[in-house]
Amino acid sequence: MSDPTADRLAIRDLVENWAVWRDEGDWERFRTVWHPDGRMMATWFQGPAEDFIRVSQEGFARGVRILHFLGGTSIDLAGDRAIAQTKMTISQRALLEDVLCDVVCTGRFYDFLERRDGRWGIVLRQPIYEKDRLDPVDPSATLTLDPALLASFPEGYRHLGYLQASNAFTVKHGLPGLKGPAVEKLYAEGRAWLAGSARPGEP
């Protein structure tokens, strides 16, 4: 019989390791937080975890720095399955029209997890983007954004999307925010996962 306290500790450890190992570029240990069929969804990437590891490693080698800071975690357990929500911020520093800028996005990681052969792993990670802001690193710098391009991105990751699109990333629209149909659909998929759906994201 499983121990809920031990399960929660293992999941929290996994979530924290994800952020530390990815941000420091420890790719072999980062690989261990996923199950082989794990998938990652983000503004700039959607696909298998193994591909996410590869493109993250390539970006890291080029100097791309997308960093993560974690807050509290809430975990719903159902036998060998779990949904974890973790408060987080995503920060990225990059040039925007020759001005070095920081963008910070606040939200939650929404993780579909499963225990297989005694090991918890991520099957799907879908961030929820709640709000963001963009600032020049040098506060005296002058920066003018394209209002139409900025408005084209969803409110929760408007500035993050703008910065990434301006740096040759393809940014996905329609990702979950604080409210709205996309996040309600995600919550429904989470409930279905805990109830035994075949795959996360497909109740």
Side-chain angles (χ1 to χ4, degrees), residues 15-16 18-25 30 39-47 49 51-74 84-111 122 124-187 189 201:
V15 168
E16 292 178 349
W18 190 102
V20 173
W21 291 342
R22 187 199 179 279
D23 288 1
E24 72 173 316
F30 181 59
R39 291 179 292 146
M40 177 69 194
M41 301 293 288
T43 53
W44 63 277
F45 176 90
Q46 306 87 42
D51 290 347
F52 177 66
I53 294 166
R54 175 181 53 80
V55 296
S56 295
Q57 188 171 9
E58 292 170 355
F60 196 88
R62 296 195 308 270
V64 176
R65 295 294 181 266
I66 302 175
L67 304 176
H68 306 83
F69 187 82
L70 303 182
T73 297
S74 175
Q85 296 189 66
T86 305
K87 291 295 298 180
M88 58 80 180
T89 60
I90 302 167
S91 65
Q92 184 172 357
R93 176 170 290 186
L95 284 172
L96 192 56
E97 299 178 4
D98 297 322
V99 177
L100 190 62
C101 295
D102 280 334
V103 65
V104 176
C105 182
T106 299
R108 283 168 281 155
F109 284 134
Y110 193 97
D111 293 326
I122 298 174
L124 173 65
R125 166 162 283 189
Q126 173 61 73
I128 298 170
Y129 302 92
E130 296 176 344
K131 69 169 188 175
D132 69 346
R133 62 177 293 156
L134 185 148
D135 300 283
V137 174
D138 178 355
S140 67
T142 300
L143 179 66
T144 302
L145 304 183
D146 179 337
L149 178 60
L150 184 65
S152 72
F153 296 105
E155 181 181 1
Y157 56 100
R158 183 158 288 162
H159 299 88
L160 179 63
Y162 190 104
L163 182 81
Q164 290 178 340
S166 300
N167 280 271
F169 289 90
T170 299
V171 177
K172 183 176 177 63
H173 291 249
L175 294 173
L178 184 59
K179 297 181 180 179
V183 76
E184 292 302 326
K185 179 175 181 290
L186 180 64
Y187 294 153
E189 292 168 349

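In this text, all values refer to a predicted model and were calculated from it rather than measured experimentally.
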>> Could you walk me through whether Leu186 and Ile128 satisfy the side chain to side chain contact (heavy atoms under 4.5 Å, CB included) test, starting with their C-alpha distance in whole Å, then the side-chain angles of each, then the deciding distance to 0.1 Å, before giving a yes or no?
In response: CA-CA 9 Å; Leu186 180 64; Ile128 298 170; 3.7 Å; yes
> Hey, mind stepping through Val103 and Arg133 against side chain to side chain contact (heavy atoms under 4.5 Å, CB included) and telling me if it holds?
Replying inline: CA-CA 6 Å; Val103 65; Arg133 62 177 293 156; over 6 Å; no
>> The test is side chain to side chain contact (heavy atoms under 4.5 Å, CB included); show your working for Leu163 and Leu134 and say whether it passes.
In response: CA-CA 8 Å; Leu163 182 81; Leu134 185 148; 4.3 Å; yes
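Here the closest non-hydrogen pair linking Lys172 and Ala42 is CB-O, 4.4 Å. Nearest heavy-atom pair across Arg108 and Tyr187 is NH1-OH, 2.9 Å. Nearest heavy atoms, Val171 versus Gly161: CG2-O, 3.6 Å. The two residues Ala151 and Arg158 come nearest to each other via the heavy atoms O-NH2, 3.9 Å. For the pair Gln126 and Pro176, the tightest heavy-atom approach, listed with the atom from each and the gap, is NE2-CD, 3.6 Å. Here the closest heavy-atom approach between residue Cys105 and residue Leu160 is recorded as CB-CD2, 4.1 Å.
Residues satisfying the ring-ring contact (aromatic ring centres under 6.0 Å, His included) criterion with Phe69, sequence neighbours excluded, are absent altogether. Annotation: side chain to side chain contact (heavy atoms under 4.5 Å, CB included) contacts of Lys179 (sequence neighbours excluded): none. Taking the side chain to side chain donor-acceptor pair (under 3.5 Å) definition, one finds that Arg65 meets it with nothing, sequence neighbours left out. Lys87 meets the side chain to side chain donor-acceptor pair (under 3.5 Å) test with Glu130; sequence neighbours excluded. Residues satisfying the side chain to side chain contact (heavy atoms under 4.5 Å, CB included) test with Leu145, not counting sequence neighbours, are Leu96, Leu143, Leu150, His159, Tyr162. Residues that satisfy the side chain to side chain donor-acceptor pair (under 3.5 Å) test with Ser140, not counting sequence neighbours, are Asp138. Evaluation of the side chain to side chain contact (heavy atoms under 4.5 Å, CB included) rule for Lys131 yields Thr106 as partners, not counting sequence neighbours. With sequence neighbours left out, Asp146 forms a salt bridge (charged side-chain N to carboxylate O under 4.0 Å, His left out) with no residue at all. Taking the salt bridge (charged side-chain N to carboxylate O under 4.0 Å, His left out) definition, one finds that Asp111 meets it with Arg125, sequence neighbours left out. Partners of Asp102 under the salt bridge (charged side-chain N to carboxylate O under 4.0 Å, His left out) rule, at least two apart in sequence or in another chain, are Arg93. Applying the ring-ring contact (aromatic ring centres under 6.0 Å, His included) criterion to Phe169, with sequence neighbours excluded, gives Trp44.
Atom CG of residue Leu175 and atom NE2 of residue His173 lie 9.0 Å apart, to the nearest 0.5 angstrom. Interatomic distance, Phe109 CZ to Met41 CE, rounded to the nearest 0.5 Å: 13.5 Å.
Within 6.0 Å of atom CD in Glu155, 12 or fewer heavy atoms from other residues, nucleotides or ligands are found, so the atom counts as exposed in its surroundings.
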N/O donor-acceptor pairs under 3.5 Å from side chains in residues 18-25, not counting sequence neighbours:
residue, atom, partner, partner atom, Å
Arg22, NH1, Ile66, O, 3.1
Arg22, NH2, Ser56, OG, 3.4
Asp23, OD1, His68, ND1, 2.9
Asp23, OD2, His68, N, 2.7

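At least one side-chain heavy atom of Pro127 sits less than 4.5 Å from a side-chain heavy atom of Met88.
Side chains of Gln164 and Thr43: a donor-acceptor N/O pair is present below 3.5 angstrom, by distance only.
The closest donor-acceptor contact from the side chain of Tyr129 to the backbone of Leu178 lies at 3.5 Å or more, if one exists at all. With hydrogens and angles disregarded, a donor-acceptor distance shorter than 3.5 Å links the side chain of Asn167 to the backbone of Leu95. In this structure, the side chain of Tyr110 does not engage the main chain of Thr86 through any donor-acceptor pair within 3.5 Å.
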